[in-house]
Amino acid sequence: MNIFRLAGDMTHLASVLVLLLKIHTIKSCAGVSLKTQELYALVFATRYLDIFTDFISVYNTVMKLIFLGSSFSIVWYIRRHKIVRRSYDKEQDTFRHYFLVLPCLLLALLIHEKFTVKELLWTFSIYLEAVAILPQLVLLQRTRNIDNLTGQYVFLLGAYRSLYILNWIYRYFTERHFVHWITWIAGLVQTLLYADFFYYYFESWKNNVKLQLPA
Amino acid sequence: KQQPQIHDEL
């Protein structure tokens, strides 16, 4: 465990907890894309199957449980909670996320490390995580203004993946056998997707103006 | 012998 990875996990944890806190406290999910939250729940459900078969560490298991619990809670709040669901912007959150799931499934069947069910689902989750933020970014573009908690959520998610890239570089140089091309390329694509959001996020933060994303 | 790489990251 290196500092980049720990910082990455903590940032990732913060992103989901910030979002869950927002939704729970102000009983609103305005600006939040349910599609992205459902995709993340699917990412965790297909990636953390090994929680029952391989024990890596207490930290690993606890974090997986927290991510599973928080992502499914967020989906439940937006779908089922009688107050929160009213603030869900169904008309604007129209990204057809099945168009993301199917290509990731096919790609996992084509490019993977081992042809086992667990490994295929794990690879699927890696590809899906890379594109899961798209419905949220599209929603932010449409709603123009974004309130700072949603902005923070996307920012923290981008920061977590950037820290993971530093972690992979660190591990590549310290553990020779550590080579995971699939994870590295998908992680890089994911971080690049955030790049333009980052640009506008820093611009607005620097000029101390409300974040405006260009249409 | 290189053991199959388990995915130890989140």
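Protein chains get the first letters and strands the later ones, always in sequence-line order, with residue 1 at the start of each. In what follows, every heavy atom counts, from backbone to side chain, and hydrogens, waters and symmetry copies are set aside.
Counting heavy atoms from C-beta on, the side chains of B/E9 and A/N167 come closer than 4.5 Å. Side-chain contact check for B/D8 versus A/R5: some heavy-atom pair is nearer than 4.5 Å.
For A/D9, the part lying under 4.5 angstrom from a heavy atom of chain B is the side chain only.
More than 12 heavy atoms of other residues, nucleotides or ligands lie within 6.0 Å of CH2 in A/W76, so this atom counts as buried by the packing criterion. For A/Y59, the OH atom sits in a packed shell: over 12 heavy atoms of surrounding residues, nucleotides or ligands are nearer than 6.0 Å. The local environment of OH in A/Y170 is sparse, with at most 12 non-hydrogen atoms from other residues, nucleotides or ligands closer than 6.0 Å. Within a 6.0 Å sphere centred on OH of A/Y98, heavy atoms belonging to other residues, nucleotides or ligands number 12 at most.
The aromatic rings of B/H7 and A/W122 sit parallel, their planes meeting at an angle under 30°, below the 60° perpendicular limit.
Smallest separation of non-hydrogen atoms from A/F67 and B/L10: CE1-CD1, 3.9 Å.
Contact annotation for residues 38-48 of chain A against chain B (heavy-atom separation below 4.5 Å, listed by residue number): A/R47, A/Y48.
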